2 protein chains.
Amino acid sequence: MDNTMRKPPRNRRKMQSVTMSDVAELANVSPSTVSLFLRKPEAVSAAASQAISRAIDKLNYVPNLMAGGLAAASSRAVSILVPSVRNAFFAETVSSMQTALKKQRLQLILGHTEYDEQEEEELVRMALSWAPAAIVLTGLSHSAATRRLLANVAIPVIEIWELGGPQIDAAIGFHHDQVGIAAAEHLIRQDRRNLLFLGARMHQDRRARQRCNGFLQAAKATGAAAKVVEHPDTASAEIGAMLLAEALRLHPEADGIACSNDHIALGVLFACERQKIAVPDRLAVIGFGDLSFSAACNPPLTTIRPSGDLIGREAARLIEEHLHGEKADAHRTIDTRFTLQHRRSS
Amino acid sequence: MDNTMRKPPRNRRKMQSVTMSDVAELANVSPSTVSLFLRKPEAVSAAASQAISRAIDKLNYVPNLMAGGLAAASSRAVSILVPSVRNAFFAETVSSMQTALKKQRLQLILGHTEYDEQEEEELVRMALSWAPAAIVLTGLSHSAATRRLLANVAIPVIEIWELGGPQIDAAIGFHHDQVGIAAAEHLIRQDRRNLLFLGARMHQDRRARQRCNGFLQAAKATGAAAKVVEHPDTASAEIGAMLLAEALRLHPEADGIACSNDHIALGVLFACERQKIAVPDRLAVIGFGDLSFSAACNPPLTTIRPSGDLIGREAARLIEEHLHGEKADAHRTIDTRFTLQHRRSS
DNA sequence: CTGAAAGCGCTAACAC
DNA sequence: GTGTTAGCGCTTTCAG
C-alpha cells in the first residue's frame, strides 16, 4: 500500500477563527499550558501567564465550551425547568439563581414545562443532552420516565419549590400545606369562622392545591367552616374578582378568605372596593406571594411570603459544593420556609 | 521502534453510558447511518430506520449535543440576554420565544444584564463560547467591545424591544418615543393641558426614558405643559404612590398623568383612592404595559400595550429562517408596534 | 442508501 | 511547571 498516494484532506469549514492553539503559538507555549492557565491560573508560571494573557487579548480569543465540555465530560451549563418564567415566583428563583451561578461561570439553560409532566420529560431529555453540571426541576411530581432518566445521573438533581414527598436527589423549598395551615390559623385568630379558599388553576398547580388542602384541614381541625371556590384559568386579578362574586353568591356568610396567590387576592380587594364590602371588617383577606403590589394596595394585603429568592441561592450553593467536590449527602432537603406578612386586609 | 511494547491506554472516565456507536452496533448499521437518521430520517431506508428506532428506545439513548455541536460547528442553543426576567415584559418575550423555538429543538440560554453594558459584554462573550445558533440582545445600546464581538459572527444577532437607532444586524420591537407621543396625544384629546410623566429607574432604563422624551416632545408640540417626576428605583406600586404624592406637591395643577409603566400607574391609582382624588375626573391616568392587573383595577387602567409576545415569536421566526438557509437580508427591522387600550382611568 | 475516515477544539493523564 | 498524547461523541465529506 502506498501511503504517499493518499488523497489530500477534505475541506472542512472552520468553526472558529481563533483557537487555543493559536493562542499557544503566539504565546510560545503548548496548548495544554493555555488550557491549564484558563482553568487553574495559579498553576502556571508568571511569565507564561503573562504571555498567554497578552495573546488572548490580542487575538480576542473566546474558548469553545462545546469542545471543553466534550473533553471534560461535563459542561458549564445548568438546566432549570420551571412551569413558566411568566410566573413571578419562578422568575424570582431563576433570576437569583442566575446571579449566584454567574460567579462560577455557569450558564442557565431554561425550559418551560407549562405544568405538563410529558413536556417536562421531553425537556429533561433535551437537558441531559447538554451534559449539564446540574439539573433543576420544579416540584416533586414527575413522570415515571423522567424519574428513570434522572435516577442514575452523576450530577446533582435538585427539585425546588416543593417539600414533603419522595425526592429524586436534593430538594429545596417549603411545605405548601403548611402555608395553607398558617393562612387558616391566621384567619381563625382574627375570629373568622366562615372560611373560604379561592383558587386558580388548581387542577394543574399541585402546590396551590396543597395550600388549599392544608387550609381546609386546619379549618376543620378547629371546627371552622371552610369552602373552596375555584377557576380553571391562570391566576389574575380579573379571575380573583370573578371568584369573589361567585363565592359570595354561594356562601354569603363568609367572613375570611384565603387566596391561592396575591393576583387572586388583589382581584378580591378590587371587587370588594367596587361593591363597598369592608375589608377587613366584613371580610378578612389573605394572599400568597407578597408580590410587588401587595404592600401598596388598599388595604395593604396580608399575605404569606415564600422564599423564591432563597430557593435560587440555595440551589446555586448546592451546585457549587458539588462542583468543588464536596460529596454532599444525597437526598438533602432544605426547608426555606415562608413568613406571614400581617397587613391591614385581615 | 516496537509498537507492541506500547503502554496500555490511560483511564478516562466515560462521559456517557450509551453512545451513538452503541446504537449503531445494536441496530447493525454504522454510526454515520444513525447520525443521518437522527438528522434526516427520510434519507434512511425504512428497514434501517426501524432497527435504529428500536435500538434507541431499547438503550434509552440520549444524543450528546456537545459532541454534535462541536462537529457541526454550531449548537442547538440560542442565547438570550435581557435586563431581567423578573420584569414581566422580558419574561413574556422569553417565554413566547422559548415556546416557538422548541419546535426546532433549540434551547434557550438565558443571561441577565441588569441594565449594565459591562455585564452584557461579559455575557456576550460567554454566550459566544457556546457557538449558539443565534444571539438575542435587549435594546440597541451596547458597549463598543460588544459591538466588536458581534460584528463578524456568522449567526443572526437580534436586538429586541427597541427600534430607532443603529442596529448590529436584525432588530425587532417598536419605537418607545412613539409610545410617549401616543400617551400625550391621548391625554390631550381628553382635554388635559397640565401633563405629568412619572418615571422609575429612568437613568438605567433607556426605553422608559425614550417614552418620557416622546411624551414631553408631543406635549410641547401642542402647547401643553409637561413635567417629569422620577424615582431611581425599580418600578413598583409603592413607588408609584410616592411619585404621585410628590408630583401633586410640586405640580398641584396637573390633570393628566402618564406613567413609565403599569406598576407605577397602579400605585398612582391606589394613592388617588386613598386621597379621594377622582380618576379620571380630576386626574386622567395612562400607563404602559397592560399588565395582568391593569384591566381589573379601579378604575380600569388606560394603558399602552406593547407586543412582548410577538417580539419573541418574530425573533424565533427569524432564527428558523436562518437555520433553513434562507439568507434573509441583513439589518432587517420588524416593527411590532403597540396598541392603546382605552379604559376608564382617562 | 450506507459506511469509512477524518477531524471539530479542548481536557487530562502522564512523562519529563 | 510544561509538553505530549490520546481521545470525548458526533458530523460530514466522499466512495462505494
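In this text, all values refer to a predicted model and were calculated from it rather than measured experimentally. Order of the sequence lines sets the chain letters (A, B, ...), proteins ahead of strands, with each chain counted from 1. Note that these values count all heavy atoms, side chains included, but never hydrogens, waters or copies made by symmetry.
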Can you check the [X] [atom1] to [N] [atom2] distance for me, whole Å?
X: M66(B); N: dT11(D); atom1: CE; atom2: P; value: 14 Å
X: M20(B); N: dG3(C); atom1: CE; atom2: P; value: 14 Å
X: N28(A); N: dT2(D); atom1: CG; atom2: P; value: 13 Å
X: N64(B); N: dG9(D); atom1: CG; atom2: C1'; value: 6 Å
X: W130(A); N: dC10(D); atom1: CH2; atom2: C1'; value: 13 Å
X: Y61(B); N: dG9(D); atom1: OH; atom2: P; value: 10 Å
X: L70(A); N: dG7(C); atom1: CG; atom2: P; value: 17 Å
X: E25(B); N: dC10(D); atom1: CD; atom2: P; value: 14 Å

Any pair counted as salt bridge (Lys or Arg N to Asp or Glu O under 4.0 Å), so long as it reaches [range], sequence neighbours left out:
range: residues 146-163 of chain B; value: E162(B)-R206(B), E162(B)-R207(B)
range: residues 37-53 of chain A; value: none
range: residues 125-137 of chain A; value: E121(A)-R125(A)

Check: For P31(A) and A47(B), take the nucleotide of DNA chain C holding the closest heavy atom to each; which residue's nucleotide lies nearer the 5' end?
Finding: A47(B)

Check: With sequence neighbours excluded, what pairs up with F90(A) under the ring-ring contact (aromatic ring centres under 6.0 Å, His included) test?
Finding: W161(A)

Can you identify which nucleotide, out of [options], has its nearest atom closest to the [X] side chain?
X: A67(B); options: dT4(D), dC10(D), dT2(C); result: dC10(D)
X: V29(A); options: dG7(C), dG3(D), dG9(C); result: dG3(D)
X: T19(A); options: dC8(C), dG9(C), dA4(C); result: dG9(C)
X: A72(B); options: dT11(D), dT11(C), dC10(D); result: dT11(D)

For [X], check side chain to side chain donor-acceptor pair (under 3.5 Å) against everything at least two apart and list the hits.
X: E122(B); value: none
X: S32(A); value: S30(A)
X: S79(A); value: none

Notebook entry, point to check: How large an angle, rounded to 10°, do the end axes of the helix from dC1(C)-dG16(D) to dC16(C)-dG1(D) enclose when each is built from five base pairs?
Noted result: 20°

Next item on the list: Indicate, yes or no, whether a donor-acceptor pair under 3.5 Å links the base of dT4(D) to the side chain of S32(A).
Entry: yes

Next item on the list: Could you list by number each residue of residues 33-42 of chain B showing a heavy-atom separation from DNA chain D of less than 4.0 Å, or answer none if no residue does?
Entry: S35(B), R39(B)

Next item on the list: Could you check which residues of residues 51-58 of chain B get a heavy atom under 4.0 Å from DNA chain C? Sort them by number, please.
Entry: none

Notebook entry, point to check: Do I311(A) and I334(A) have side-chain heavy atoms sitting under 4.5 Å apart?
Noted result: no

Notebook entry, point to check: Is any side-chain heavy atom of M97(A) closer than 4.5 Å to a side-chain heavy atom of I319(A)?
Noted result: yes

Check: Who are the side chain to side chain contact (heavy atoms under 4.5 Å, CB included) partners of Q50(B), not counting sequence neighbours?
Finding: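 R54(B).
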
Check: Going by the side chain to side chain donor-acceptor pair (under 3.5 Å) test, which pairs reach into residues 97-113 of chain A, not counting sequence neighbours?
Finding: K102(A)-E119(B)

Next item on the list: Evaluate whether atom CG of D57(B) has more than 12 neighbouring non-hydrogen atoms of other residues, nucleotides or ligands under 6.0 angstrom away.
Entry: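 Atom CG in D57(B) is packed in, count exceeds 12.
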
Check: Would you say S45(A) reaches dT2(D)'s phosphate, i.e. side-chain N/O to OP1/OP2 under 4.0 Å?
Finding: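 Affirmative; the distance criterion is met.
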
